[in-house]
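In what follows, a single structure is set out as structure tokens and then discussed.
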Amino acid sequence: MISEADMTLGRDYRGIDPRGWLVSEKLDGCRAYWDGSRLWTRGGKVIEAPAWFTAGLPEGVALDGEVWACRGNLQTARLAVQHGRWARHLRLMVFDSPQAPGTWPDRMAAARKALAGARHAECVTWTTCRSRAQLRAEYFRVTQAGGEGLRLRAPAVDGYERGRTSNLLKVKSPCHLH
DNA sequence: CTCTGCGGGTCGTGCGGGTGA
DNA sequence: TCACCCGCAC
DNA sequence: GACCCGCAGAG
């Protein structure tokens with residue numbers, strides 16, 4: 001079984017120098033871990049996903065991501081994951097490839113390759129942070145568009161991490177962005 | 001001593017499903 | 001039918 | 001998810 005202990009869990013951003021860190025949007029959906037044949041919630045429950053949703057997910061290749069509808073639609077994702085009501089516009093937004101070696105960009109490249117045939121899954125987009133000002137601008141851009149915040153990845157970490165780590169930070173409040 | 005980070009526990013919210021009056 | 005309480009997500 | 005509290009290390 002897959003559970004929280006097998007997944008990367010982040011911490012809160014508290015104002016460290018973000019230059020060089022990798023930035024992506026923090027999506028408000030339901031965490032979903034593909035173990036190569038089934039999807040799991042962070043609580044260790046199997047997600048009963050319809051065939052059209054899992055079609056194209058790579059057999060035997062693990063993926064870490066989020067079942068996501070669109071900004072502000074956490075409820076739509078919850079109805080699917082918890083109650084089996086799958087809206088057609090739901091997607092698996094992938095943000096890691098646990099078995100792939102290398103740094104996060106390496107693993108995202110591997111995930112992108114593995115998802116070549118998937119119609120309802122895609123990799124999240126990301127950029128490299130150049131300055132605090134850029135991070136702040138990105139934060140306000142995303143939140144004003146209805147997004148939850150940002151995720152920061154430490155650039156030099158090799159391999160997928162399990163459990164709590166300070167190499168994955170969430171930016172959910174503007175108060176540390178100065 | 002104080003401040004900070006970290007782990008663990010608990011609580012709050014929203015929803016649906018099951019049960020009994 | 002409705003009011004609870006529980007389960008499970010964040 | 002948020003919040004709180006106790007513990008340990010750094011300053």
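Within every chain, numbering begins at 1; the chains are lettered A, B, ... in the order of the sequence lines, protein sequences first and strands thereafter. Just so it is clear, the model here is predicted, and its values are computed rather than measured.
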Atom pair distance, as rounded to whole Å: CD1 in A:I47 and C1' in C:dC10: 13 Å

Between P of D:dG1 and CE of A:M7, the distance in whole Å: 13 Å

Atom-pair distance (CH2 on A:W40; C1' on C:dC8), nearest Å: 16 Å

Residue mapping more 5' on DNA chain B - nearest nucleotide basis, A:R164 or A:R78: A:R164

Atom-to-atom span, CG of A:L9 to P of C:dC10 - whole angstrom: 11 Å

Distance test, side-chain N/O of A:S166 to OP1/OP2 of B:dC6, below 4.0 Å: yes

Qualifying residue, where the test is side chain to side chain contact (heavy atoms under 4.5 Å, CB included) with A:D35 and the options are A:I2, A:L63, A:V61: A:I2

OP1 or OP2 of B:dG5 under 4.0 Å from side-chain N/O of A:R11: no

Interatomic distance, A:R162 CZ vs B:dG7 P [rounded to whole Å]: 17 Å

Proximity to the side chain of A:Q75 - top-ranked nucleotide from B:dG14, C:dC10, C:dC8: B:dG14

Salt bridge flag under 4.0 Å for residues A:E122 and A:R112: no

N/O (side chain, A:K26) to phosphate O (OP1/OP2, D:dG1) under 4.0 Å: yes

Nearest-nucleotide 5' precedence on DNA chain C, A:E66 against A:H83: A:H83

Below 4.0 Å: OP1/OP2 of B:dG17 and any side-chain N or O of A:R85: yes

Distance, rounded to the nearest Å, where A:K170 contributes NZ and D:dC3 contributes C1': 12 Å

Joint cluster assignment, A:L27 & A:L150, ILVMFWY side-chain distance < 4.5 Å: no

Nucleotide C:dC8, atom P - distance to CG of A:L74 in whole Å: 17 Å

Nucleotide of B:dG5, C:dC8, B:dC15 approaching A:R14 most closely (side-chain heavy atoms): B:dG5

Same-atom distance (P) from D:dG1 to B:dG16, integer angstrom: 23 Å

A:R31 side-chain N/O to C:dA9 phosphate OP1/OP2 under 4.0 Å: no

Test: A:K172 and A:D28 ion pair at under 4.0 Å: no

Between C1' of D:dA2 and CG of A:D28, the distance in whole Å: 16 Å

Distance below 4.0 Å between A:K172 side-chain N/O and D:dA2 OP1 or OP2: yes

Pair A:W34 + A:W40: ring centers closer than 6.0 Å: no

